[in-house]
K.L.:
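Just dropping this structure here.
First listed ligand is number 1; within each ligand, the first listed atom is number 1.
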Amino acid sequence: MGKLWRWTIAVTVFLAIFYTLWLRTTPGSSSRITNKFARPPSNDRDVAEFVNLFIGTVNGGHVFPGATLPHGMVKAGMDTDSPGNHAGYDADPIYKATGFSQLHDDGTGGHAPLSNFKLWPLKECLDFEHCPTQLAHRSASRALKSDGTPDDGGSPGYFSTNLSTGIRVELTATRRTALHRYTFPSPERPDPNIDTRPRLIVDITNDGQKLAWNIELNIEPRSGRVTGGARYQASFGEGMYHAFVCVDFKGEGYDIGPPVEYGTYASGDISPNSTSGKSQYWGEQGAILTFSPPKPGHTVVIARAGVSLISSEQACANAEEEIPDFDFERVHKQARAQWNELLGRIDVEVDDSDRETAVLFYSSLYRSHIVPADYSGENPLWNSSAPYYDSLYCNWDTYRTLFPLMSLHDPLTYARIVRSFIDIQQHEGWLPECRGATVQQYVQGGSSGDPIVAEFYIKFHSYVEELGINPEELYTALLQDAEVESPAWNFAGRQTEIWKSKGYLPVGLFAQGGMDTRQVSRTLEYSFDDFSISQVAKAMGKKADSAKYAKRSRGFELVWNPETTIEEGEGILGFMQPRYKNGTFGYTDPRHCTVNDPKHSSCFFDSFNLDGFYEGGPIVYSQYVPHDTAKLIELQGGVEPFIRRLDFIFDNGYFDSTNEPSQQIPFMYHYANRPALSTERARQTISDSYNTSINGLPGNDDSGAMGSYVAFYLLGLYPLPATRQFLVSSPYFSRVTIWNPLFSTYTTINANGFEGNPKNGTGGKIYVKSIRINGRRWKSNCFIDWDVFELGATVDLELTDERDTTCGENDDALPPSLSTGGYDLDITT
Ligand SMILES: *[C@@H]1O[C@H](CO)[C@@H](O)[C@H](O)[C@H]1NC(C)=O
Ligand SMILES: *[C@@H]1O[C@H](CO)[C@@H](O)[C@H](O)[C@H]1NC(C)=O
Ligand SMILES: *[C@@H]1O[C@H](CO)[C@@H](O)[C@H](O)[C@H]1NC(C)=O
Ligand SMILES: *[C@@H]1O[C@H](CO)[C@@H](O)[C@H](O)[C@H]1NC(C)=O
Ligand SMILES: *[C@@H]1O[C@H](CO)[C@@H](O)[C@H](O)[C@H]1NC(C)=O
Ligand SMILES: *[C@@H]1O[C@H](CO)[C@@H](O)[C@H](O)[C@H]1NC(C)=O
């Protein structure tokens, strides 16, 4: 390497660092990201008061109701011994609490993920060596409220519970550190025979799956500091991850001193005075400490738990940096303020007579920001200056609505996630797909990182470089998914060779690299993924590529069998069907995976699923071509048969909103120029399945996929990912204002004539008759463009109670589809 080169590199690196620092530290200095630190005036409101953390904490919702920052790595929460404790917690009081652990996911399936490093307070022991340490012996019920529900509470950045032992537990968090506050009961008349000094357990081995290897554990007797870690099993994949913790204790308002008793335990046996444990064995292991506060009445013990995926030392450093003062109130207040700032960017008019709808909205919006989680600085796999996000469980769930929602009000976090995706692609070869705890997990659809990255580029293409993203690297990452066969497409990337040569994924090939299942649904996902790439190519001015990927995005047409019929569906002709390599169609009963499936088939991720579909059968997937609904209408025989089919789906119980490919079905009447029918179906979906009770979710929250979908429905919008269009219906509020911090713009949607929301979803003034943007009549009553959010605007919806509304008279009044002219990207650069 010549000297000049070295100089050039040195100067370039210097400039890059300087530019990055300057962008970070100098508000107002960058050309367009001028007001990125400005705050919308409306969010002085304490919108956190509308958030109910407990929606979806029974009934398989698997919602995480603990303490976290928006996209925080640490998610401190209560674990219960419920079989459905994927996020640790279960609101059903029959389940006992087993610990307060530091890491969780939200709304996932698979095996219970994370839930590492449970802390547990013990009220009294006969003596130290007989304290119960194992889960089965130490667990305790929660205290019950008068209505029989557990005495648990929480709000953004905070969780609390009262245990049946009388101990009160409160949790709050920073990004990588949890703060626990244990208030031990002070006995009214102390019994000298019972030792009630506060004791705490730090459990190293009981993660969600209760499987740990290579256990390390250390106690510092002088300070009481406990450090440790182990390797744990991923939830929905084959790999393992390493995690570490560092716990320190402090009295609140007094000096607690060093522990008066301490020791390690293994499989129920306590070794007093032992300060370390190191073993391969995966039995229950941890540390136990006794404190002796100076006076009666000193009953509050603060435990600070730093977490790291790199080392115990780093876990301690994280804790010391983030919470040097152990100040519970301060940390809690700051966490709530962060949530208020974020959630307050979407301001809805709250009608006091319908507060529940505001609770449903803000709780759903809240759940859209639990994951992906910001693990920056904690990636053990490679060193990089890019951010590192994890808990993408899975992109297939979240690309439809979660990321388009972030486009509206949180583009700076979105930009960091995209940077992280590109960084992962550069180190692992393909964009991430279903990552959890640093491990590649099973791919559900295609390469759904593509539409996430593409959505970002389509919406922010003239800002990407200012946001630290190199557009050519972004495009290269997409092409890698599209062009290069992944040797393990079960975990990342695609089965590109057969896709490129056949245009669809044939059944019965015994392919290498993954489970040879889900060929039809993957064909539809690959089609959409390639559509998203064609949009990016178009926005980049790469015309030939754009045409190439647009053509590939028509792969779905090849798995449409025009002959297939369905029982009792008179006049319904044609379904997506499995197809062999030789072109002959196979057959999967269109009722597959529905309530009326005569075979009660499994539609999930397993090798027995040989019918070609995943989480939905031919009925759902025959509606699933988000980029070209006009083509679907044509395949289905025209507008009338298309409407008849939609009605058939809803009226016969075939609609199931729990699986993501169904999310846009209620809105599809828009494409048939019958938007009022979409409004009714969408509102019925909400009233049938989504509410503010603990069972207010019909299935897994899927990492906020459900939360973001409900948030959009309540805003009266449905996004088309990787395009600049949003379908419009009436919002559940008389006014909605959205603040975009990248553009520093407000967009206000007024529902003029709003008279409240009918309980069952239909009836009353809920249909959109016309749309005005900044006072001027807009070309369509069915969709709006991204410009409205990029430039800021006032959108006036005129509502009516008449169901015969249309999108408008002209051809461009219908929402766009690829086969009828495609998507206007409105490139202004
Ligand atoms: C627990 O008990 C305390 C008082 O001891 C009370 O203030 C609190 O509301 C109770 N419930 C929860 C969930 O913290
Ligand atoms: C643990 O150490 C303390 C203090 O040195 C001592 O009093 C106690 O007897 C020890 N316990 C055991 C079981 O060795
Ligand atoms: C990252 O850098 C640190 C400090 O130089 C080093 O100890 C560590 O091994 C590196 N990690 C990887 C995965 O390369
Ligand atoms: C195509 O392949 C399938 C599966 O091997 C077979 O059942 C079918 O008969 C073949 N069709 C033709 C026309 O050869
Ligand atoms: C809330 O929704 C759930 C499931 O989606 C449903 O089972 C339950 O009946 C609903 N509850 C109310 C009060 O509407
Ligand atoms: C919903 O309620 C409205 C008003 O109470 C009523 O007119 C309408 O028929 C109901 N619709 C359904 C589907 O139950």
K.L.:
Need the ligand 3 atom indices (1-based, order shown) with element for anything under 4.0 Å from a heavy-atom of Trp382.
P.N.:
13 (C)
K.L.:
How about Phe605 and Phe236: are their ring centroids closer than 6.0 Å?
P.N.:
yes
K.L.:
Which atoms of ligand 3 have any heavy atom of Leu381 under 4.0 Å away?
P.N.:
13 (C)
K.L.:
Under the side chain to side chain donor-acceptor pair (under 3.5 Å) criterion, do Asp127 and His130 qualify, and how do the steps go?
P.N.:
CA-CA 5 Å; Asp127 60 54; His130 291 93; 2.8 Å; yes
K.L.:
Which residues satisfy the salt bridge (Lys or Arg N to Asp or Glu O under 4.0 Å) test with Arg579, sequence neighbours excluded?
P.N.:
none
K.L.:
Asn383 versus ligand 3: do any nitrogen or oxygen atoms come within less than 3.5 Å of each other?
P.N.:
yes
K.L.:
So is Arg197 actually on top of Phe291's ring, under 6.0 Å and inside 45° of the axis?
P.N.:
no
K.L.:
Find all protein N or O atoms under 3.5 angstrom from an N or O atom of ligand 2 and list the pairs with distances, or write 'none'.
P.N.:
from     : atom 1 : to     : atom 2 : distance (Å)
ligand 2 : 2 (O)  : Asn273 : OD1    : 3.2
ligand 2 : 2 (O)  : Asn273 : ND2    : 2.3
ligand 2 : 11 (N) : Asn273 : ND2    : 3.0
ligand 2 : 14 (O) : Asn273 : ND2    : 3.4

K.L.:
I want to know whether Tyr389 and Tyr375 have ring centres closer than 6.0 Å.
P.N.:
no
K.L.:
Determine the sole option in Glu428, Arg435, Glu433, Glu238 for which the side-chain hydrogen bond (donor to acceptor under 3.5 Å, both in side chains) test with Gln440 is passed.
P.N.:
Glu428
K.L.:
May I ask you to list the atoms of ligand 3 that are less than 4.0 angstrom from any heavy atom of Pro380?
P.N.:
13 (C)
K.L.:
Would you call the rings of Tyr621 and Phe613 parallel, tilted or perpendicular if under 30° counts as parallel and over 60° as perpendicular?
P.N.:
tilted
K.L.:
Closer than 4.0 angstrom, basic N to acidic O: yes or no for Asp530 and Lys500?
P.N.:
no
K.L.:
Counting both backbone and side chain atoms, is some N or O of Tyr580 under 3.5 Å from an N or O of ligand 4?
P.N.:
no
